[in-house]
Amino acid sequence: MLDRQNTINTSSTRSGIGLHSARLVVITIRPAPVDTGIVFYRSDLTGIDTAIPAHINNVSDVSLNTSICNSDGAEIGTIEHLMAAFAGMGIDNAYVDVSGPELPAFDGSSDRYCQMITEAGIKEQSDPRRYIKVLKPVSVEFHQAVSTLTPSSALHISTKIDFSDPFIGASQYFYVHDENSFVNELSAARTFCLYKDVSQMRAAGYAIGGSLDNAIVVKDGQMLNETPLRYTDEFVRHKTLDCLGDMRLAGLGIIGHMTTSRPGHRINSELLKALFSDESNYIIVTSDELNDAEEKVA
Ligand SMILES: [Zn+2]
C-alpha cells in the first residue's frame, strides 16, 4: 500500500465533447497541495464561485451520469470516468479546469484520463494518505438494485449485472484495488446502452453527444459498433469502473468491500450517503496508523 498522498507533477490538457451535452470543452488537470482532494473549476464562468469539490455532499444529478454542483450553482457533469482514473491511479489531490458543463466522453472509458495522468506524472507528497475505513455493514436498495459496504482489509468491489439483452446478459466481476489493477483490468472498459433506450434518453436531454465512438450500443443480441469488445466482460467491468469513480466522492479512498447488484449512479450515491449517515459506520485513518495496526496483528 502506498503511504503518502499523491498529486500530479505538472498539468495536462485535452479537449473533447460531452456524452450528454455534446459540448466541446477543454479540460486541464493540475497539481494540488496535500489534503485538497479533487476540486473542479468551471473556467467558462465568471462572477460566481466556480470551485466544485468532488464530494458526495455536492452531488446534484445521478441520472445516467454523476454531476456535482456548488452553492453558487456552478455545476459539472459526467465526472465519474475521471474520478475512477484518479481513484485507480492513486491521485489524492488535483485541480480540474473544465470550460463547460460536462467532462469529455473521449472513447467512453477512463483510458484518455489515465493517459493525461501518466503524461503529467505522479508526484508523491509529504503527508500520509488518509482513508475512510468501513467499520459496520451498510446497505441500500433502489428498485432492483442492492448495494452494501462491509469491513475489509482493502478496497474490493464485487459487481453483478443482469440485462435482458443476451449480448450483455448476466455477469459478475470481483475487483481488488491495488496500484496496477485499475489500469490492467478496468480503465479501458467503455460505457454502453441499449439502442431501444436512445430516443427516450435524447428526449430527456441525455446522450445528445453519444455515438458509436464513445459508447457501445447493443441492439437485439448484437453490438452496433464495428470495433470488437475490449474484454469479453466489458459491460460489468465498466459498471465496476463507475462504482470506483462514484465511491471516490467519499472525498478519500475507501477501505471496505462494496458488493453491488445492478449498480447505477443513483444507488452508488445513496450508498455513500448511508455510510456517512452514522459516524459509527466508519473511521478516518492515516496510512501510518493502518500500517501500525497491521504490524500489531502480525
Ligand atoms: Zn460510466
Side-chain angles (χ1 to χ4, degrees), residues 16-22 25 27 38 40 54 56 59-68 76-89 96 98 101-117 142 145 147 157 159-163 165 168 171-173 175 177 181-183 185-195 197-198 201 204 206-218 223 225 227 229-231 233-249 258 260-272:
I17 65 160
L19 177 68
H20 298 298
S21 63
V25 299
I27 176 172
I38 308 299
F40 289 84
I56 184 66
V59 168
S60 54
D61 185 14
V62 285
S63 309
L64 302 169
N65 86 108
T66 299
S67 296
I68 52 173
I76 183 76
T78 317
I79 63 169
E80 58 270 19
H81 301 167
L82 174 58
M83 293 304 292
F86 283 140
M89 296 183 75
V96 184
V98 191
E102 187 185 17
L103 262 61
F106 296 132
D107 67 351
S109 79
S110 292
D111 258 1
R112 200 72 63 86
Y113 291 121
C114 292
Q115 285 173 12
M116 290 175 76
I117 294 167
F142 182 76
S147 290
I157 304 176
T159 313
K160 275 188 193 173
I161 60 169
D162 189 359
F163 282 78
D165 191 291
I168 305 175
S171 57
Q172 50 188 310
Y173 198 80
Y175 173 75
H177 181 70
S181 52
F182 179 72
V183 169
E185 299 174 31
L186 301 184
S187 69
R190 292 165 292 174
T191 192
F192 60 95
C193 71
L194 299 174
Y195 180 78
D197 296 334
V198 170
M201 287 193 290
Y206 293 96
I208 311 294
S211 74
L212 296 177
D213 291 330
N214 58 29
I216 303 170
V217 182
V218 174
M223 65 191 280
N225 311 60
T227 51
L229 288 179
R230 295 175 175 179
Y231 315 95
D233 55 357
E234 187 166 357
F235 305 103
V236 71
R237 289 188 195 229
H238 185 80
K239 286 291 188 183
T240 309
L241 178 162
D242 279 342
C243 289
L244 182 69
D246 285 343
M247 287 302 108
R248 188 61 183 75
L249 288 170
M258 177 181 184
T260 181
S261 176
R262 300 172 184 252
H265 301 297
R266 184 175 305 276
I267 194 164
N268 291 346
S269 74
E270 293 302 321
L271 185 62
L272 276 188

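Residues take their numbers from the sequence shown, with the count starting at 1. First listed ligand is number 1; within each ligand, the first listed atom is number 1. From a predicted model like this one, the values you see are computed outputs, not experimental measurements.
When ring centroids are compared, Phe192 and Phe163 come within the 6.0 Å threshold.
Under the 3.5 Å distance criterion, the side-chain polar atoms of Asp233 are left unmatched by any main-chain donor or acceptor of Gln172. At distances below 3.5 Å, at least one donor-acceptor pair connects side-chain atoms of Arg230 with backbone N or O atoms of Ala188. Counting only distance, with no hydrogens or angles, the side chain of Glu102 and the backbone of His20 share a donor-acceptor pair below 3.5 Å.
Around the Zn ion (ligand 1), protein N, O or S atoms at less than 2.8 Å number 4.
The residues Arg237 and Glu185 are annotated as not salt-bridged, no charged nitrogen and carboxylate oxygen being separated by less than 4.0 angstrom.
A donor-acceptor contact closer than 3.5 angstrom links the side chains of Ser181 and Tyr175.
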